[in-house]
Amino acid sequence: MEYNHKEIESRVAQYWKDRNIYHVEIDRSKPKYYVLDMFPYPSGAGLHVGHPLGYIASDIVARHKRLQGFNVLHPMGYDAYGLPAEQYAIQTGQHPEVTTRINTARYRSQLDKIGFSFDWDREIRTCDPEFYRWTQWAFLKMFASYYDKTADRAMPIEKLIEKFESEGAEGVNAACNKELHFTADEWKAMSDKEKSDTLMNYRLAYQANTMVNWCPKLGTVLANDEVSEGVSVRGGYPVEQKEMWQWCLRVSAYAERLLQGLDRIDWSESIKETQRNWIGRSEGAEMHFRIDGRDDIDLEIFTTRADTVFGVTFMVLAPESKYVKELTTPEQKEAVDAYLETIKHRTERERMIDKKVTGVFSGSYAVNPLSGKKIPVYISDYVLAGYGTGAIMAVPAHDSRDYAFARHFELPIIPLIEGADVSEESFDAKEGTMINSDGPELKLNGLSVKEAIAATKRFIEEKGIGRVKTNYRLRDAIFSRQRYWGEPIPICYVDGIPTAFDQLPLELPEVDKYLPTETGEPPLGRAKNWNTPEGYPLELNTMPGFAGSSAYYLRYMDPHNDKALVSREADEYWRSVDLYIGGSEHATGHLIYSRFWNKFLYDYGEVVDDEPFHKLINQGMIQGRTSFVYRIKDTNTFVSAGLKDQYDTTPIRVDINMVSNDVLDMDAFRAWRPEFADAEFVLEDGRYVCGHAVEKMSKSMHNVVNPDDMVERYGADTLRLYEMFLGPLEASKPWDTNGIDGVFRFIKKFWGLYWKGDDCLVDSSAPSRENLKSLHKLIKKVSADIEAFSFNTSVAAFMICINELAQQKCRSREILEPLAVVLAPFAPFAAEALWQGALGHDSSICDASWPAYEEAHLKEDSVTMAVSFNGKARFNITVPVDMAREDVEKTALEAEGAAKWLDGKTVRKIIVVPGKIVNIVVS
RNA sequence: GCCCGAAUGGUGGAAUGGUAGACACGAGGGACUUAAAAUCCCUUGGCCAUUAGGCUGUGUGGGUUCGAGUCCCACUUCGGGUACCA
């Protein structure tokens with residue numbers, strides 16, 4: 001049989017399907033292995049050739065582990081809720097569920113062609129009520145929880161209520177928005193509404209009035225990780241800061257555990273570092289500044305540079321700070337109001353682009369607690385309301401932002417570190433010896449910065465001026481979206497009090513339009529009878545995109561369970577994901593939320609593993625390779641790339657499918673668009689050569705390569721091998737279809753070892769020494785490569801091995817059978833077809849065993865070694881592999897030319913590294 | 001600004017501190033063929049040389065080492081992340 005990928009792949013796919021070969025169940029007789037891909041959002045554009053890269057890698061690992069005898073869980077599903085489907089629905093009136101169904105079907109057919117070993121019986125879709133009831137369930141559990149900082153875990157809110165009833169708020173050590181103080185009697189005297197409001201301050205899923213990223217164009221709020229450089233990640237629309245009443249998740253309560261957990265997981269250092277930065281732990285101190293002439297108020301600030309207190313020459317409040325109202329004096333009111341008004345109209349983006357110094361004096365003065373000096377309090381938007389206390393002490397000599405502000409408002413700048421020149425810029429480094437820092441009680445002069453920080457912290461704690469405090473940059477996640485296409489939040493309002501609605505799933509209702517209502521309510525405001533059976537109104541906001549992806553990996557373990565997210569039995573067997581493959585763009589979103597969600601469930605014993613993903617690999621992006629033609633200005637003549645510099649030209653992107661090896665198919669180009677129908681060409685060597693550039697793969701660049709086309713022309717096995725062959729999995733690299741022929745040739749050669757026309761070449765002859773060596777070299781290399789995720793070098797090893805075996809005219813079943821098994825993870829269709837055809841098995845190759853390599857077959861008769869003499873001379877000698885060290889020395893000295901280089905010196909030391917080198921030290 | 005990562009032929013990329021450029025594409029030459037496709041063989045970092053062979057070579061400049069693409073220091077360029085986080 002000739003290699004015919006279409007016939008082979010359709011036949012083998014049917015075989016797998018008929019036997020449901022990838023179905024997996026708990027099997028305690030085998031060790032488990034859980035390989036997971038980040039599930040895709042099924043977009044309307046379908047998959048391009050870059051998307052399956054990670055899936056192919058994980059599939060190779062999954063198949064390899066299975067061949068090694070592991071019980072492998074390798075599921076797939078769809079992250080089906082999302083903005084594009086909803087935007088499309090708003091434009092066309094098409095229900096997002098319909099587009100989502102169409103898109104998932106398309107994805108499925110594309111994925112099926114590539115031969116993945118997914119257990120589709122475990123497929124999940126985040127928009128399926130049977131799935132999202134568990135997203136809602138987890139949300140309600142968070143709603144009914146608070147974070148006990150003493151126990152360092154989430155606890156049922158009832159425990160907190162018990163404490164309030166017996167002791168009030170005193171002694172409660174819980175994560176909260178704001179420290180509250182009340183007695184047990186005061187608690188008991190509260191109305192239901194007041195109690196509810198109080199508990200909101202502690203719940204892990206809570207409602208609060210917070211500054212949010214509001215995107216007017218999308219009509220919804222966005223989480224911090226959904227905003228980049230002042231615009232929405234989806235769509236790129238401007239985002240502004242706005243105070244709104246929102247649902248939030250108290251992710252910040254888990255900041256320290258999320259940070260500590262990173263040390264126990266096998267992720268790339270760069271992504272761990274990104275998470276560390278995002279969590280942003282900073283150790284400092286909270287300090288109180290008295291306000292001159294006011295006994296009713298203290299100004300609380302956070303600083304990491306307690307040592308610089310003597311250099312504080314002014315204070316700054318964030319414009320949104322609660323202190324602004326209290327500290328603005330009547331004389332300054334007008335100026336402050338005017339300033340606040342201008343700030344309001346500056347969007348986040350404008351503030352970023354235009355960093356000019358702005359601010360206004362509040363009229364009040366604070367008193368430096370250490371020096372007793374009076375210092376003015378300013379208001380400026382360079383201080384953020386959401387971090388620390390929203391107020392800072394400004395030390396212009398040692399902070400560049402304070403420095404710029406001081407220069408602008410002509411405020412004094414006092415250097416505090418010896419030798420620091422602050423005439424041109426601030427000295428921000430945390431090093432040096434303190435000067436100008438002796439107060440009436442605390443004297444820091446002569447201390448190092450480190451010592452001074454410690455001394456100041458000690459002092460302020462003793463004097464009750466402040467306390468040591470650790471701050472985190474990580475914010476609570478805003479959890480409501482004013483959108484339709486998401487999970488409904490299972491909350492109803494009983495007499496205005498938010499109450500859990502626990503008849504799950506709370507299904508997403510039908511609406512007539514997907515836009516906000518005329519009164520500005522979210523789209524769910526259009527739903528008919530959106531009430532509880534008792535008539536209480538239900539929450540109109542829906543959950544954000546990250547909700548559904550936060551615990552999906554648990555659901556795969558037990559996808560049809562209607563009693564629990566995952567049964568104890570399934571969770572204890574599968575535990576957590578051994579290998580997770582996906583893009584690094586989720587570092588500060590999904591990969592934080594999932595870890596948070598998992599830790600929350602862990603606190604309640606719902607899952608047995610504290611970290612969800614043990615090893616994480618971030619596959620690189622596959623970029624497009626865009627081709628250009630060059631039109632001579634104001635003509636319809638196109639000049640070949642090598643000659644374009646002789647003319648004044650405009651580059652035009654052309655469809656990559658009309659270009660082969662950078663040579664343009666001119667007829668196809670003329671037919672592409674009417675305006676090019678009578679195009680003329682200036683050629684070089686009779687061809688039109690295109691220019692090229694590496695860009696994002698997208699429709700608008702005309703550089704999209706569809707995996708379906710590749711499968712059609714070369715087959716899935718070739719596509720899989722070629723994607724791996726392109727380069728290291730984690731690197732970004734451009735797709736270039738040109739090289740695929742080499743891999744295609746390889747797979748045909750591989751096939752040719754087993755078949756010549758209709759003649760099966762496999763026989764029972766004994767393998768030669770060379771055959772065994774070629775095979776075992778391959779097994780060793782590929783086994784090591786898969787462990788190291790170095791798939792590109794594996795493909796190279798295959799090519800070498802197949803060439804050697806072809807040259808040796810190897811026909812031995814003893815060689816060809818294990819060879820097919822080793823290739824099976826990479827090229828499963830061909831391997832399966834050969835396994836059943838040429839090798840005559842009546843079972844699937846998926847149930848074969850991974851061959852072990854034998855060192856004995858790798859042994860060489862002799863090795864060539866480089867011998868070097870003091871670096872001055874070097875030559876190669878060939879010696880028997882087991883030759884003793886003394887004999888190697890002797891042989892080296894006898895070797896041709898050695899005497900000349902040695903020049904009468906004696907050999908002092910000789911180092912032999914088997915197979916590699918002999919290092920001879922002479923004197 | 002800060003934090004990562006990278007830099008090797010015409011191209012994608014190989015090289016536990018030990019013969020740099022595996023493997024593949026492309027290119028050039030050849031075989032087969034009426035021809036083309038397909039297939040196979042040879043050459044292919046640069047320079048010099050008829051050959052033998054020699055010199056040179058992994059972004060730049062130093063250093064460690066018998067020996068550096070690999071380790072250390074400084075720099076340049078590119079890519080990614082992040083940012084008034086006090």
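Quick note on labels: first sequence line is chain A, next is B, and so on, each numbered from 1.
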Rounded distance in Å between the C1' positions of B/rG54 and B/rU65: 27 Å
Sugar-phosphate, base or nothing in reach of A/Pro728, heavy atoms under 4.0 Å: sugar-phosphate
Nearest-angstrom distance, C1' atom, B/rA15 to B/rC23: 12 Å
d(CD, A/Glu585; C1', B/rU82) in whole Å: 16 Å
C1'-based separation of B/rU70 from B/rA7 [nearest Å]: 14 Å
Touch class at under 4.0 angstrom, heavy-atom based, for A/Arg475 against every strand present: base
Syn or anti conformation of B/rG9, syn meaning chi within 90° of 0: syn
Of all pairs that satisfy side-chain hydrogen bond (donor to acceptor under 3.5 Å, both in side chains), the ones with a partner from residues 723-733 of chain A, not counting sequence neighbours: none
Complement of B/rG17, any strand, by Watson-Crick or G-U distances under 3.5 angstrom: none
C1' gap between B/rU58 and B/rA6, integer Å: 14 Å
Separation of the P atoms in B/rU60 and B/rG69, to the nearest angstrom: 11 Å
Passing option when A/Arg305 is tested against A/Asp307, A/Thr303, A/Thr308 for side-chain hydrogen bond (donor to acceptor under 3.5 Å, both in side chains): A/Asp307
A/Thr274 side-chain proximity, nearest of B/rG81, B/rA86, B/rC3: B/rG81
Pairwise P distance for B/rG21 and B/rG10, with rounding to whole Å: 16 Å
Test log, rule side chain to side chain donor-acceptor pair (under 3.5 Å), inputs A/Tyr688 and A/Asp665: CA-CA 8 Å; A/Tyr688 188 97; A/Asp665 179 340; over 6 Å; no
Test: A/Arg473 cationic atom under 6.0 Å from A/Trp278 six-membered ring centre, within 45° of axis: yes
Counter-base of B/rU44, judged by Watson-Crick or G-U geometry with both distances under 3.5 Å: B/rG26
Along RNA chain B (nearest heavy atom to each residue), the more 5'-positioned of A/Arg625 and A/Met393: A/Arg625
B/rG26 versus B/rG59 - spacing of their C1' atoms, nearest Å: 25 Å
Counter-base of B/rC2, judged by Watson-Crick or G-U geometry with both distances under 3.5 Å: B/rG81
Gap between atoms CE and C1', on A/Met315 and B/rA86 respectively (whole Å): 11 Å
Rounded distance in Å - CZ (A/Arg305) to P (B/rC84): 20 Å
Parallel, tilted or perpendicular: rings of A/His5 and A/Phe744 (30°, 60°): perpendicular
Closest-nucleotide ordering on RNA chain B, the 5'-leading residue of A/Asn277 and A/Ser790: A/Asn277
Integer-rounded Å distance: B/rA86 P and A/Arg473 CZ: 10 Å
Opposite nucleotide pairing with B/rA37, Watson-Crick or G-U, both atom distances under 3.5 Å: none
Integer-rounded Å distance: B/rC4 P and A/Trp278 CH2: 19 Å
Integer-rounded Å distance: B/rG12 P and A/Leu729 CG: 19 Å
Rounded interatomic separation in angstrom, taking CD1 from A/Ile592 and C1' from B/rU82: 13 Å
Length of the CD1-C1' vector between A/Ile622 and B/rG79, whole Å: 17 Å
A/Asn618-A/Ser584 side chain donor-acceptor pair, cut-off 3.5 Å: no
Atom C1', compared across B/rG17 and B/rA38: separation rounded to whole Å: 46 Å
Pick out the pairs of N or O atoms, protein on one side and nucleotides 22-25 of chain B on the other, that lie under 3.5 Å.
from	atom 1	to	atom 2	distance (Å)
B/rC25	OP1	A/Arg745	NH1	2.4

Plane angle bin for A/Phe746 and A/Phe750 - parallel if under 30°, tilted between 30 and 60°, otherwise perpendicular: parallel
Residue pairs, two or more places apart or on separate chains, that pass salt bridge (charged side-chain N to carboxylate O under 4.0 Å, His left out) and touch residues 310-319 of chain A: none
A/Glu804/A/Lys777 ion pair, N-O < 4.0 Å: yes
Any A/Tyr382 side-chain N or O less than 4.0 Å from OP1/OP2 of B/rA86: no
Complement of B/rA74, any strand, by Watson-Crick or G-U distances under 3.5 angstrom: B/rU60
Sugar-phosphate only, base, or nothing, as touched by A/Ser282 at under 4.0 Å among non-hydrogen atoms: sugar-phosphate
